[in-house]
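Quick notes on the structure that follows.
Keep in mind that what you see is a predicted model, and the values were worked out from it rather than measured.
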Amino acid sequence: MQTPPRPLQMVDLRAEVAALRPELDAALADVLDATAFVRGPFVRQFEADLAAYLSALDALAPEVHVVSCANGTDAIQIALMALGVGPGDEVVCPAFTFVATAEAAALLGATPVFCDIDPASYNLDPARLAEAITERTKAVVPVHLFGQMADMAGIRAVCEPRGIPIVEDAAQAIGATRDGEAACLSGAMGTLSFYPSKNLGAYGDGGAVVTTDADLAERARRAANHGAARKYYHPEVGVNSRLDAMQAAILGVKLPYLPGWTTARRLAASLYDDHLRDAADIVRPVRQPGARHVFHQYTVRVPERDRVAGALRERGIPTMVYYPEPIHNMTAYAEGWAEGDLPETERACAEVLSLPMHPHLSPTDVAYIAETLTEVVGTPIAA
Ligand SMILES: Cc1ncc(COP(=O)(O)O)c(C=O)c1O
């Protein structure tokens, strides 16, 4: 087979919108009728619904506070603001992630300090975390990359005795759990992105800070609202970061579908696994013990990654490289770092390839992609 059974995409928002169109139209009409576009009942309702969804995922079913905001980058910044991170502080995070994880700390005048990853999970390696911590470390921000939770028990074992709070960057991992703990609820605070391609995406930007600590929630809410204690009283410097009512209404329509979509992603991932089982040169995603992976991405490692991506493109298969450049090698973040400092991060950047992954992927799509990938990886350069 040299052409796909139908056009393939990394993410299929067209299919999603088509399936939800009547509900979306009704929800948007409600917002227009109410003319409550910023803050207000739609935003409050979504925050409550999301809190209930997250709480139900966690074995302890804790009380969850959700502070919505403008995007997932702001969410990290606001969480760090709530924890009092500022100039002179250090924030430990991986360098194999979207730049926002480090950027949020840098924007507050803190220094991101990078910790290498575990090559099997791509997540921050707890065994290397202690080396990255100094007396200036004010927070640790693990990322639950590609939809699988980092080893939070291992990370907590390093952070808790030192009194260092953890902010989970769960932008890619809504709905993920590990050993009965839900993403966003297993550190001091968690952050989410509702960028359209995320597992729960708005049709614009959106984000949220999540915590089980009422005091931190209050501080986050103030930080996101110009540092306001009440209207027009601003004892602290804050930011203006709001989820708007249109996006909240859209997210409210989509949230009930998230469990089904997650199941569909996990099923597609299992099918990929089955098809790729005997392909010796293709490293499939590794499930960590006790982890429920929500497959924001299905990411493999392959030799000659860029040639493989090009050959797949010619056969109608889009792929993406998340992420080609480690953050510690980026000009803005490179001071004090050299190539070779984070070997597993750098190796991952050179080898990873993400395949199409979304809830509307059919078994035929997965079979075509996996079979073509196997064939292309097995084809020597000269062919
Ligand atoms: C791991 C990670 N952190 C943070 C973000 C930032 O989210 P946003 O694009 O909503 O600002 C993203 C997504 O883009 C992400 O994937």
**Request:** Return the orientation label for the Tyr333 and Phe114 ring planes: parallel under 30°, perpendicular over 60°, tilted otherwise.
**Result:** perpendicular

**Request:** Measure the shortest side-chain to side-chain distance between Glu168 and Thr191 over non-hydrogen atoms and say whether it is less than 4.5 angstrom.
**Result:** no

**Prompt:** Less than 4.5 Å apart, any side-chain heavy atom of Met189 and any of Pro165?
**Reply:** no

**Transitive ILVMFWY side-chain link Val302 to Tyr368, under 4.5 Å** = yes

**Prompt:** Is the shortest heavy-atom distance from the side chain of Arg178 to the side chain of His144 under 4.5 Å?
**Reply:** no

**Validation row: Thr374, Leu276 side chains within 4.5 angstrom (heavy atoms)** = yes

**Message:** With a 6.0 Å cut-off (strictly less than), is the heavy-atom count around CZ of Arg39, excluding the residue itself, greater than 12?
**Reply:** no

**Request:** Report yes or no: do Ile76 and Val113 belong to one cluster of Ile/Leu/Val/Met/Phe/Trp/Tyr joined by side chain heavy-atom distances under 4.5 Å?
**Result:** no

**Item:** Arg287: salt bridge (charged side-chain N to carboxylate O under 4.0 Å, His left out) partners, not counting sequence neighbours
**Value:** Asp273

**Prompt:** Ring centres of Phe146 and Phe295 under 6.0 Å apart?
**Reply:** no

**Prompt:** Within a radius of less than 6.0 Å around CD of Glu325, do more than 12 heavy atoms belonging to other residues, nucleotides or ligands occur?
**Reply:** yes

**Side-chain touch Pro112/Val91, heavy atoms, less than 4.5 angstrom** = no

**Message:** Quick one about Glu47 and Ser68 (side-chain donor to acceptor, distance below 3.5 Å, no hydrogens or angles considered), yes or no?
**Reply:** yes

**Request:** For residues Leu216 and Leu83, determine if any side-chain heavy atom of one lies less than 4.5 Å from a side-chain heavy atom of the other.
**Result:** yes

**Request:** Kindly indicate whether the side chain of Ile133, heavy atoms from C-beta on, has any atom under 4.5 Å from the side chain of Arg162.
**Result:** yes

**Request:** Would you kindly confirm whether Val209 and Leu255 end up in one hydrophobic cluster when ILVMFWY residues are joined by side chain heavy atoms under 4.5 Å apart?
**Result:** no

**Asked** For the ring pair Phe194 and Phe46, is the centre-to-centre distance below 6.0 Å?
**Response** yes

**Request:** Go through Tyr257 and Glu23 one step at a time and tell me if the side-chain hydrogen bond (donor to acceptor under 3.5 Å, both in side chains) criterion holds.
**Result:** CA-CA 12 Å; Tyr257 292 95; Glu23 281 182 81; 2.4 Å; yes

**Message:** Checking side-chain polar atoms at under 3.5 Å, does Thr134 have a donor or acceptor matched by the opposite partner on Glu90?
**Reply:** yes

**Message:** Do the side chains of Arg292 and Glu181 get close enough for a salt bridge, i.e. N-O under 4.0 angstrom?
**Reply:** no

**Request:** Would you mind checking if Arg222 and Glu236 are paired as a salt bridge, meaning a charged N to carboxylate O distance below 4.0 Å?
**Result:** yes

**Item:** Atom OH of Tyr195 with >12 non-hydrogen neighbours under 6.0 angstrom
**Value:** no

**Prompt:** Rounded to the nearest 0.5 Å, how far does CZ of Arg305 lie from CD of Glu351?
**Reply:** 8.5 Å

**Prompt:** Taking the six-membered ring for Trp, are Phe98 and Tyr323 parallel (under 30°), tilted (30 to 60°) or perpendicular (over 60°)?
**Reply:** tilted

**Heavy-atom check, side chain of Leu185 versus side chain of Leu57, under 4.5 Å** = no

**Item:** Residues Tyr203 and Glu16: side-chain donor-acceptor under 3.5 angstrom
**Value:** yes

**Message:** Please give me the minimum heavy-atom distance between Val321 and Cys349, naming the atom from each residue.
**Reply:** CG1-O, 4.3 Å

**Message:** Using the salt bridge (charged side-chain N to carboxylate O under 4.0 Å, His left out) criterion, which residues pair with Arg21? Sequence neighbours excluded.
**Reply:** Asp25

**Request:** Could you tell me whether the side chain of Thr137 and the main chain of Ala139 form a donor-acceptor pair under 3.5 Å?
**Result:** no

**Message:** Under a 3.5 Å cutoff, is there a donor and acceptor pairing between the side chains of Tyr272 and Arg277?
**Reply:** no

**Message:** Here's a test for you: under side-chain contact (heavy atoms from CB on, under 4.5 Å), which of Glu344, Gln288, Arg128 qualifies with Asp118?
**Reply:** Gln288

**Message:** Under 3.5 Å, is there a donor on one side chain and an acceptor on the other for Asp12 and His360?
**Reply:** no

